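Computed from a predicted model, the values in this text were never measured in an experiment. As a basis for the values below, the full set of heavy atoms in this structure was taken, side chains included, without hydrogen atoms, waters or symmetry mates.
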Amino acid sequence: MQDHHDMHHQGGPHNPDQPPSGTLTQPPAHDAGHAHGAAHTPHGDDDHTVHTHGQHAGHSTAMFKNRFWLTLALAVPVVYFSPMMGHLLGYMPPEFPGSAWIPPVLGTVIFLYGGQPFLKGGLQELKDRTPGMMLLIGMAITVAFAASWVTSLGIGGFDLDFWWELALLVAIMLLGHWIEMRALGSAQGALDALAALLPDEAELITDNGTETVPVSHLNPGDLVLVRPGARMPADGTVVDGQAEFDESMITGESKTVARGAGDPVVAGTVATDNSVRVRVTAVGDQTALAGIQRLVEEAQASSSRAQALADRAAAFLFYFAAGAGVLTFIAWTLLGSVPDAVTRTVTVLVIACPHALGLAIPLVIAISTEQAARAGVLIKNRMALERMRTIDVVLFDKTGTLTTGEPELKDVAVAEGADADAVLGLAAAVESDSEHPVARAIVRAARARNLVLPEATGFTSLTGRGVKASVDGRTVHVGGPALLRELGVVEPAALARSTRAWMDRGAAVLHVIDDDGRVLGAVSLEDAVRPESRQAVAALQNRGVKVAMVTGDAWQVARAVAEDLHIDEVFAEVLPVDKDKKVAELQARGLKVAMVGDGVNDSPALARAEVGIAIGAGTDVAMESAGVVLAGNDPRAVLSMVDLSRASYRKMWQNLVWATGYNILSVPLAAGVLAFAGVVLSPAAGAVLMSASTVVVALNAQLLRRLKLNPSEVR
């Protein structure tokens with residue numbers, strides 16, 4: 001709260017007889033909770049590069065997209081002119097001079113261009129001895145390429161025309177990786193957003209006036225001038241002047257905060273209305289902003305080690321296919337049929353990489369992210385989707401997430417002989433000319449009760465104490481305890497009992513004082529709990545998920561909100577830089593944590609949690625650090641994420657079971673284990689069945705669209 005109503009006591013007086021529990025720590029003097037800045041749009045990540053060495057071979061999303069479209073264009077004539085495809089579909093490909101070379105030539109281009117990322121990734125996985133999807137794809141397309149050229153050149157009389165299969169396999173795998181990478185969040189985005197908060201230059205005050213210098217030239221002890229609208233170039237202390245600072249990029253608090261002589265200011269914040277002179281106390285890596293940046297880097301590194309389901313399945317299939325291929329070749333060679341040995345082995349190795357496996361996860365993720373977006377949930381990181389189903393506890397930031405972040409009138413108490421509506425009407429009349437959030441809350445409450453407000457004139461703001469105005473010829477004051485002390489007024493004992501109880505639960509208390517020094521009554525204002533929060537907390541607990549809350553507010557405030565919402569665990573009076581420690585503390589107990597928050601000070605916690613969820617009214621950095629962004633402020637959207645995660649995980653496993661199950665059955669048949677009974681899976685039939693499995697996987701993934709994810713419908 002701003003200070004003209006003496007709202008710094010918002011959390012109520014600290015009672016030394018009731019110390020905080022072990023989970024509570026001392027809050028910073030300047031952090032009284034945090035609401036939010038304006039909504040921001042997350043940066044696009046189409047061109048980001050992936051840091052993993054095997055999974056995507058260090059390539060960008062744009063690269064997979066471009067290669068897919070060109071490969072698809074080349075694949076159409078390859079498939080159309082393929083004799084095997086013509087035979088299967090019952091048509092005769094047109095023949096003209098050179099037509100027979102269209103599949104080999106274009107197929108070779110597809111292999112070398114479209115298949116390049118898989119070949120490189122496969123080699124890297126082979127070097128690292130971590131076989132996965134890239135090696136499985138690389139093996140299949142290499143074998144198909146070699147076998148198809150042998151057939152096209154007429155060597156050995158083999159009928160292993162896999163050009164069409166090679167083209168479709170590369171195109172579908174490129175599509176799968178493109179879809180998959182579009183769902184990934186950009187790990188660097190948060191750090192870029194943090195770096196963008198610092199200005200390039202600063203105005204250094206010297207004996208000869210001011211001098212514009214690069215921020216990197218500043219040193220502790222320097223005096224800098226910060227003009228209205230300029231960002232702080234470093235951490236420091238105000239030595240001259242007073243200004244309202246926009247600290248939303250650091251605290252998430254949308255309202256400006258008054259900073260005057262002796263007050264600390266932080267790099268990246270903005271002086272909105274006046275110039276101030278600031279003594280630099282920390283620069284570069286020593287600033288609070290840099291510390292947050294380091295925490296984000298560390299936390300992101302610690303949460304990026306999970307391996308995708310498809311990679312584990314691919315590793316299994318690689319060993320399965322390679323082993324089956326070797327056994328097939330040995331067995332048929334020992335039976336005296338080397339041509340059959342080659343044919344069966346090639347078939348096994350080619351169909352061991354099913355299209356379905358390449359699309360099993362990406363299709364589910366793509367449909368899930370689309371469905372989530374319709375429900376106001378933006379999934380930026382694919383692993384967030386997988387992890388959400390395993391979450392044991394959801395840790396909510398309080399202000400603006402579980403609460404509205406705006407004051408709301410809760411109670412009115414009056415002295416003997418006074419009327420509650422009359423007291424509220426007087427307070428609203430006095431406050432009607434003020435734009436302070438507290439004033440707006442009082443006026444809003446009076447209008448909600450349909451009170452007719454008397455006319456007030458001569459409005460005066462009493463900085464740090466309250467306000468006064470003339471109402472019907474008498475001066476009426478509205479303010480907090482500091483105003484009572486200044487006027488030498490003592491509130492009646494009966495009224496004091498009510499106001500003391502309000503303060504004990506952390507409410508802000510304003511008194512209404514008549515011109516004769518009589519306290520007519522008092523009103524309490526609290527950060528309003530969102531009605532949706534009660535549903536969200538109860539529904540999470542019904543799903544077996546604990547709910548915790550973290551806040552920089554005093555423990556009385558935190559306890560009141562926690563009791564109202566029946567929250568399982570509370571961390572109060574937490575320093576901004578310690579929020580991620582609370583996540584780590586929960587994780588140390590063996591719990592998997594989803595963190596819901598906003599503001600730069602939440603970004604390390606968002607990144608360290610198994611799933612970071614940023615609310616839509618948060619800052620750019622918070623949304624870049626999170627794996628999930630809620631477009632609105634409805635906490636029930638977290639339930640949508642839980643339900644979607646569980647449903648999509650089931651679909652992932654169903655698709656993987658189908659894809660790998662097909663292989664487990666088809667590979668032995670292709671190897672000829674039932675040849676003695678006359679049952680042999682031909683190369684053409686194996687390729688067709690492999691493509692058919694892709695259709696099954698795609699249709700199964702579409703069933704996710706039936707899931708209801710609208711937050712208002714989640715129970």
(request) Give the intermediate values and the outcome of side chain to side chain contact (heavy atoms under 4.5 Å, CB included) for residues Met232 and Phe245. (result) CA-CA 10 Å; Met232 277 296 305; Phe245 272 78; 3.8 Å; yes
(request) Apply salt bridge (Lys or Arg N to Asp or Glu O under 4.0 Å) to the pair Asp634 and Arg530, showing each step before the final yes or no. (result) CA-CA 8 Å; Asp634 191 339; Arg530 295 182 188 278; over 6 Å; no
(request) Would you sort out whether Arg500 and Glu491 count as a salt bridge (Lys or Arg N to Asp or Glu O under 4.0 Å), showing the intermediate values? (result) CA-CA 11 Å; Arg500 191 175 304 112; Glu491 60 182 330; over 6 Å; no
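Rounding to the nearest 0.5 Å places CG of Leu484 at 8.5 Å from OG1 of Thr499. One distance of note links NZ of Lys410 with CH2 of Trp502; it measures 12.0 Å at 0.5 Å rounding. Atom CG in Leu591 sits 8.5 Å away from atom CD in Glu569 (nearest 0.5 Å). Within the model, atoms CG of Asp240 and CG of Leu223 stand 8.5 Å from one another, a figure rounded to the nearest 0.5 Å. Separating the OG1 atom in Thr401 from the CD1 atom in Ile613 is a distance of 10.5 Å, to the nearest 0.5 Å. Atom NE2 of His477 sits about 13.5 Å away from atom CG of Leu510, to the nearest 0.5 Å.
In this structure the side chain of His511 never reaches within 4.5 angstrom of the side chain of Val523, judged on heavy atoms. In this structure the side chain of Leu395 never reaches within 4.5 angstrom of the side chain of Val596, judged on heavy atoms. Contact check for Val238 versus Val265: side-chain heavy atoms found under the 4.5 Å cut-off. Side chains of Ser216 and Val283 form no contact here, defined as non-hydrogen atoms less than 4.5 Å apart. Here the side chains of Arg440 and Pro407 are not in contact, with every heavy-atom distance at 4.5 Å or above. Put simply, the side chain of Val471 reaches to within 4.5 Å of the side chain of Leu426, judged on heavy atoms. The closest side-chain heavy-atom distance from Leu218 to Val213 is below 4.5 Å. Inter-residue side-chain proximity for Phe396 and Val394 is flagged as met; some heavy-atom pair is nearer than 4.5 Å.
For Lys581, the side chain to side chain donor-acceptor pair (under 3.5 Å) partners at least two apart in sequence or on another chain are Asp578. With sequence neighbours left out, the salt bridge (charged side-chain N to carboxylate O under 4.0 Å, His left out) criterion links Arg444 to no other residue. For Asp515, the salt bridge (charged side-chain N to carboxylate O under 4.0 Å, His left out) test picks out no residue, with sequence neighbours left out. Residues satisfying the side chain to side chain donor-acceptor pair (under 3.5 Å) criterion with Asp564, sequence neighbours excluded, are Arg534.
For Asp527 and Lys398, the salt-bridge test passes: some basic side-chain N is under 4.0 Å from an acidic carboxylate O. Note on Glu486 versus Arg465: salt bridge recorded, some NZ/NE/NH1/NH2 to OD/OE distance being below 4.0 Å.
The two residues Pro635 and Ser533 come nearest to each other via the heavy atoms CG-OG, 3.6 Å. Taking all atoms of both residues into account, the shortest heavy-atom contact from Ser461 to Val467 is CA-CG1, 4.1 Å. Annotation for Ala584 and Arg608: closest pair CB-CD, 4.0 Å, computed over non-hydrogen atoms. Heavy-atom minimum distance, Ala572 versus Trp555: CB-CA, 3.8 Å. Met595 approaches Leu606 most closely through the heavy-atom pair O-CD2, 3.3 Å. In this structure, Leu483 and Val478 approach most closely via the heavy-atom pair CD2-C, 3.7 Å.
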Could you tabulate the donor-acceptor pairs under 3.5 Å formed by side-chain atoms of residues 200-207, not counting sequence neighbours?
from	atom 1	to	atom 2	distance (Å)
Glu203	OE1	Arg227	NE	3.3
Glu203	OE1	Arg227	NH2	3.1
Glu203	OE2	Arg227	NE	2.6
Thr206	OG1	Asn208	N	3.3
Thr206	OG1	Gly209	O	3.3

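Put simply, the side chain of Arg387 gets close to the backbone of Glu610: a donor and an acceptor are under 3.5 Å apart. Without hydrogens or angle criteria, Ser434 side chain to Glu431 main chain gives no donor-acceptor distance under 3.5 Å. Using a distance-only test at 3.5 Å, with no hydrogens or angles considered, no donor-acceptor pair links the side chain of Thr403 to the main chain of Val529. Not a single donor-acceptor pair under 3.5 Å links the side chain of Asp235 to the backbone N or O of Thr287. A donor-acceptor pair is defined here as one N or O able to donate and one able to accept, closer than 3.5 Å; no such pair exists between the side chain of Asn66 and the backbone of Met63. With Glu532 contributing its side chain and Ala637 its backbone, the two residues share no donor-acceptor pair below 3.5 Å.
Residue pairs meeting the side chain to side chain donor-acceptor pair (under 3.5 Å) criterion with at least one partner in residues 272-281, sequence neighbours excluded, do not occur; the list is empty.
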